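Everything below concerns the one structure shown next.
Lettering of chains follows the sequences in order, A, B, ..., and the numbering in each one begins at 1. As the structure is a computational prediction, the values presented were derived from the model and not from experiment.
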There are 2 protein chains.
Amino acid sequence: MLESHQYLRQFSIKPSVQRSAVMHFLLNNRIHPTIDEIFMALSPTMPTLSKTTVYNTMDLFVEKGAVQVLAIDEKNARYDVDISAHGHFFCKGCAKVYDIFDLKPEMFQLPVNEKFKIHAVESS
Amino acid sequence: MLESHQYLRQFSIKPSVQRSAVMHFLLNNRIHPTIDEIFMALSPTMPTLSKTTVYNTMDLFVEKGAVQVLAIDEKNARYDVDISAHGHFFCKGCAKVYDIFDLKPEMFQLPVNEKFKIHAVESS
DNA sequence: GTTTTTAATTGAAATGATTACAAAGATAAT
DNA sequence: ATTATCTTTGTAATCATTTCAATTAAAAAC
């Protein structure tokens, strides 16, 4: 939990009890969780936690670049504390997201010469 | 429209006025449209069309393998009549999906030796 | 070609994830 | 200690999607 505190500071995120708890969970459970999974995991030991806070917290984390949001699961947004450039695939059988760490930038032949500029590439 | 009729049959989809109209739109507007975009485009010339029909139709098309559904846009499901293996990227500026045709199967180093079997790989 | 059966379409209501908002609580500054 | 600012919380609103039952259209049987 101390670690999470420090970790948040690295991304200029002011720590709070809730934020540290959420980050602690993310760092120790790399399961690309949904909002609900995060909420369900924390609420037993944090009965006052609100799901809205989880939404707010994750929005902040994404905005500050501490986590990335995946759109790979049509049903729910999923989050990844691993912000390195890597891919994902979604197993429809077990409904889980798995990492693909072998992707290389050259794999994407983007039309960068066109009228838009690339902000980010997600292989999710 | 005649073409769409024939096209649907190739995927064992029984054509109807609505289905042909939707497929005709998809074949001639390769913009990876949302349900709403399809509905909005067709309803002027098809006032009785229901949005539920568009949902039903797209579900059927996906099930029959005539189109693929993309999860790349967090807000809405998007559909692509191009069922060939290719990638996509989503421009947050213009909120449009673009194709990436240079992806190759080898780009994905999947852990096929594990306990799940891969049904499909989407780079979207 | 009319009747019967089956399938497709439709609109309204239900669901479920996410967002908006305003009040309550906690933290930081004075 | 007091005031101001930021965070958390619960409720209500929103929006995409699904469910469902009724209507309409199409296909099959006669």
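Across all strands shown, Thr48(B) has heavy atoms under 4.0 Å from sugar-phosphate atoms exclusively, and none from any base. Base contact: Asn56(B) has a heavy atom under 4.0 Å from a base atom. Residue-level contact check: Lys51(A) touches neither bases nor backbone, having no heavy atom under 4.0 Å from any strand. Using a 4.0 Å heavy-atom cutoff across all strands shown, Thr53(A) reaches at least one base atom of the nucleic acid.
Nearer to the 5' terminus of DNA chain D, by closest-nucleotide assignment, is the contact made by Thr52(A) (compared with the other of Thr52(A) and Thr34(B)). The residue among Lys75(B) and Ser16(B) whose nearest nucleotide of DNA chain C is located toward the 5' end is Ser16(B).
The CE-P distance, from Met46(B) to dA8(C), rounds to 15 Å in whole Å. Straight-line distance from the CE atom of Met58(B) to the P atom of dA16(D): 16 Å, rounded to whole Å. The CE atom of Met40(A) sits 14 Å away from the C1' atom of dA17(C) (whole-angstrom rounding). The interatomic distance linking Lys64(A) (NZ) with dC6(D) (C1') rounds to 13 Å, in whole Å. Put simply, OH on Tyr55(A) is 12 Å from P on dA20(C), counting in whole angstrom units. Remark: C1' of dA28(D) and NZ of Lys14(B) are 11 Å apart, rounded to the nearest angstrom. Across the protein-nucleic acid pair, Leu8(A) atom CG and dT7(D) atom P stand 12 Å apart, rounded to whole Å. When the P atom of dT10(C) is taken as reference, atom CD1 of Ile35(B) falls 14 Å away, rounded to whole Å.
Ala41(B) and Phe25(B) get closest at one heavy-atom pair: CB-CE1, 3.4 Å. Of all heavy-atom pairs between Leu49(B) and Gln18(B), the closest is CD1-CG, 3.9 Å.
A salt bridge is absent between Arg30(B) and Asp99(B): the closest approach of a Lys/Arg side-chain nitrogen to an acidic carboxylate oxygen does not fall below 4.0 angstrom.
Side-chain proximity of Asn76(B) to dG10(D), dA16(D), dT18(D): nearest is dA16(D). In this structure, the nucleotide among dT9(C), dT19(C), dT9(D) sitting nearest to the side chain of Arg19(B) is dT9(C).
Remark: the backbone N or O of Pro33(B) is not paired with any side-chain donor or acceptor of Arg78(B) at under 3.5 angstrom. With Arg19(A) contributing its side chain and Lys14(A) its backbone, the two residues share a donor-acceptor pair below 3.5 Å.
Between dA25(D) and Gln18(B), no contact under 4.0 Å exists linking OP1 or OP2 to a side-chain N or O.
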